[in-house]
Amino acid sequence: MRMSRYFLPTLKENPAEAQIASHRLMLRAGMVRQGAAGIYSWLPLGLRVLKKIEQIVREEQDRAGALEVLMPTIQSADLWSESGRYDDYGKEMLRITDRHGREMLYGPTNEELITDIFRREVKSYRDLPKNLYHIQWKFRDEIRPRFGVMRGREFLMKDAYSFDLTAEDGVKSYNAMFVAYLRTFARMGLTAIPMRADTGPIGGDLSHEFLIIAETGESEVFFHNKFNDMSDNFKVSGDHATIVAEWTEPYAATEEMHDEDSCSVAEGELVRGRGIEVGHIFFFGDKYSKPLNAVVQGPEGPPSAVQMGSYGIGVSRLVGGIIEASHDDNGIIWPEAVAPFKVGLMNLGPKKEDCVEFCDKLYADLEAAGVEVLYDDRKDGAGAKFANMDLIGLPWQVAVGPRGLKNGVVEVKNRATGEKRELTPEAFLAEMAA
RNA sequence: CGGGGAGUAGCGCAGCCUGGUAGCGCACUACACUGGGGGUGUAGGGGCCGCAGGUUCGAAUCCUGUCUCUCCGACCA
């Protein structure tokens, strides 16, 4: 993509309303713009990141055997009355009345709707297990939205729902999702630690939150330093139960769940940090299937309510979360897997014909090799280009100027490490295409 | 929802107390110079001073109401 044709409204100064790094950087890097409190428009650069994260989530859900569906954002209040949550959910739920006076709502979650879909169609244990998910916008009318997309009112969430005949099978489905989550966050270059969690309003008795570690995290967390190692050398093998056991064995707790007295981790091994919740999984048995009468015929005859779990990932929150975990004073540092572009190509001699030609060719070659590249072909000064490129945080920067051109080399910088090397364009191309 | 702060150009802000031609920096446009870390100069464009009402000869400024944004707390993917 040529920057001269792109829509990338970057800001030199910090917008007054943005307090934390990710919010500030997302506004400055031209990723999002606020519409109303906690509601954002996604501009091209931000949308690319959102889509990448969404796709990783999708691939890992598919790999785990979940099936993608798409449920609407607007739901009828009837179902929620049936489950009893229409009154319980309170003011967080955005309620809407249609022209006929029917009560509707903008879905904050989808347990009721998915259970309804399931119960209409599935009557036999032979059709189990099933796990259905979708990636859809949700709305929760937070009392106080803040931190940009990290706690917006409208947010993109992946939510999956598992259906099993027995609690034992239900736990298997839970474990499969647990492992899928580990893989998902690892692919995004995050250290995500599963922590035993309170089940809150969703209910149930088995639940884990996944938190990514970042200095600016919202809640204080305590965990065994083994996790750093497990995350750095991420590998999962064996059956799901074994993996889950492995990842739940070391101590890890959020502020609310942490108890100094019962915490047996040695002082030197306990890490005290801050975390951002990016995923939450629950196994809640028949909490919704019973009131909503989602039953299947069992092998022995009598029908029984299905055993369910639900599994959320905050997709839009992850965009902010990743930035919180990965940035410096100059801007964002994207992990390659979610970077909007892999390479940022800068023409430092935009008025020199040979330099333009050289850059145009390198750009075309990169594109032809399937490398995602953002090409700064504008007539700005070099300083502005460097600063802008650091701000938007593409993993690889390649500067082409008259200086290097004389020797037939380009200067390549790794955004994360700051390491700079001079390479021939051929060598650079080969490295990027690999 | 309780307690603070703020709405003036795309962004960051001054002006308000003490009413009288709406300003500054960045960004934007044109031209020239510059050209490896947000460069320099000259000349420009851009405002229902959040909205409504009131006081006044006259309101960005004073008064009343209202909407919005934001920070701290309780709640949440």
Side-chain angles (χ1 to χ4, degrees), chain A residues 9-20 23-24 27-28 30 33-39 53 57 89-93 107-110 135-160 181 192 197-198 200-202 207-212 218-219 254 256 275-282 310-321 329-331 346-352 355 376 378-391 397-406 410-411 413 418 420 422:
Chain A
T10 56
L11 305 172
K12 207 156 151 182
E13 288 170 287
N14 285 322
E17 78 264 21
Q19 297 298 311
I20 62 162
H23 191 192
R24 220 161 42 221
L27 290 168
R28 286 194 50 203
R33 287 294 182 262
Q34 178 164 304
I39 301 175
I53 292 171
V57 169
Y89 224 93
K91 288 190 163 177
E92 263 201 7
M93 182 183 276
T109 178
N110 286 63
I135 300 171
Q136 176 65 290
W137 291 92
K138 307 288 191 295
F139 194 95
R140 292 183 193 170
D141 199 359
E142 297 282 341
I143 295 166
R144 193 186 152 214
R146 59 186 131 171
F147 303 150
V149 300
M150 295 238 289
R151 194 182 309 173
R153 290 192 290 176
E154 190 180 46
F155 56 97
L156 186 61
M157 176 171 151
K158 184 282 301 181
D159 41 326
Y181 276 38
D198 218 359
I202 310 260
S207 176
H208 286 90
E209 302 182 319
F210 289 75
L211 288 102
I212 59 179
E218 295 185 63
S219 46
T254 57
E256 302 80 44
I276 300 165
E277 186 184 351
V278 290
H280 202 158
I281 60 178
F282 304 86
S310 76
Y311 315 91
I313 290 181
V315 176
S316 50
R317 171 179 278 193
L318 271 166
V319 180
D329 289 345
N330 295 325
M346 288 174 276
N347 181 359
L348 303 185
K351 291 204 175 151
K352 301 218 163 36
C355 202
D376 194 342
R378 298 172 304 176
K379 304 227 179 325
D380 288 11
K385 291 188 177 179
F386 281 118
N388 208 252
M389 216 39 105
D390 281 346
L391 173 63
Q397 296 176 7
V398 54
V400 178
R403 200 153 88 190
L405 222 53
K406 267 189 296 199
V410 298
E411 188 176 287
K413 182 175 117 175
K420 291 179 185 171
E422 293 199 332

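In what follows, every heavy atom counts, from backbone to side chain, and hydrogens, waters and symmetry copies are set aside. Reminder, nothing fancy here: chain letters follow the sequence lines and each chain counts from 1.
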**OP:** For residues Leu391(A) and Arg28(A), determine if any side-chain heavy atom of one lies less than 4.5 Å from a side-chain heavy atom of the other.
**Re:** yes
Original post:
Looking across every strand, which nucleic acid part, if any, lies under 4.0 Å from Glu142(A) by heavy atom: base, sugar-phosphate, or nothing?
Top reply: base
Subject >> Side-chain N,O (Arg146(A)) to OP1/OP2 (C72(B)) below 4.0 Å >> reply: yes
**OP:** Can you tell me, in whole Å, how much space there is between the P of C76(B) and that of G54(B)?
**Re:** 47 Å
Subject >> P-based separation of C49(B) from G41(B) [nearest Å] >> reply: 32 Å
**OP:** Assign Gly401(A) to base, sugar-phosphate, or nothing according to its heavy-atom contacts below 4.0 angstrom with the strands shown.
**Re:** base
Subject >> G38(B) base stacked by Phe386(A) (centroids within less than 5.5 Å, tilt under 30°) >> reply: no
Original post:
For Ala382(A), which contact category applies under a 4.0 Å heavy-atom criterion: base, sugar-phosphate, or nothing?
Top reply: sugar-phosphate
**OP:** Tell me which nucleotide among U70(B), C71(B), G36(B) gets nearest to the side chain of Gln34(A).
**Re:** U70(B)
**OP:** Could you give the distance separating C11(B) and A27(B) at their P atoms, to the nearest angstrom?
**Re:** 15 Å
**OP:** Using the C1' atom on both, measure G58(B) against G20(B) and round to a whole Å.
**Re:** 7 Å
Subject >> Nearest-angstrom distance, C1' atom, A30(B) to U18(B) >> reply: 42 Å
**OP:** Would you mind classifying the nucleic acid contact of Gly404(A) as base, sugar-phosphate or nothing, using non-hydrogen atoms under 4.0 angstrom?
**Re:** base
**OP:** Classify the nucleic acid contact of Val278(A) as base, sugar-phosphate or nothing, counting any heavy atom under 4.0 Å across all strands shown.
**Re:** sugar-phosphate
Subject >> G38(B) OP1/OP2 closer than 4.0 Å to side-chain N/O of Lys12(A) >> reply: no
**OP:** May I ask you to say what Arg28(A) touches in the nucleic acid, namely base, sugar-phosphate or nothing, with a heavy-atom cut-off under 4.0 Å?
**Re:** base
Original post:
NA contact type, Glu13(A), heavy-atom cut-off 4.0 Å: base, sugar-phosphate, or nothing?
Top reply: base
**OP:** Please work out if Lys351(A) contacts a base, only the sugar-phosphate, or nothing of the nucleic acid, heavy-atom cut-off 4.0 Å.
**Re:** base
Original post:
Should Asp390(A) and Lys413(A) count as an ion pair when the cut-off is N to O under 4.0 Å?
Top reply: yes
**OP:** Starting from the C-alpha separation in whole Å, work towards a yes-or-no answer on ring pair (Phe, Tyr, Trp, His ring centres under 6.0 Å) for His280(A) and Phe282(A).
**Re:** CA-CA 7 Å; His280(A) 202 158; Phe282(A) 304 86; 4.2 Å; yes
Original post:
What does Gly320(A) touch in the nucleic acid at a heavy-atom separation under 4.0 angstrom: a base, only the sugar-phosphate, or nothing?
Top reply: nothing
Original post:
Can you tell me the Watson-Crick or wobble partner of G41(B), both distances under 3.5 angstrom?
Top reply: C31(B)
Subject >> Separation of the P atoms in U34(B) and C71(B), to the nearest angstrom >> reply: 46 Å
**OP:** Describe the nucleic acid contact of Asp380(A) in one word from base, sugar-phosphate, nothing, applying a heavy-atom distance below 4.0 Å.
**Re:** base
Original post:
Do Lys385(A) and Asp380(A) meet the salt-bridge criterion of a basic N to acidic O distance under 4.0 Å?
Top reply: no
Original post:
Say you pick atom P in U64(B) and the same atom in C69(B); how far apart are they, in whole Å?
Top reply: 24 Å
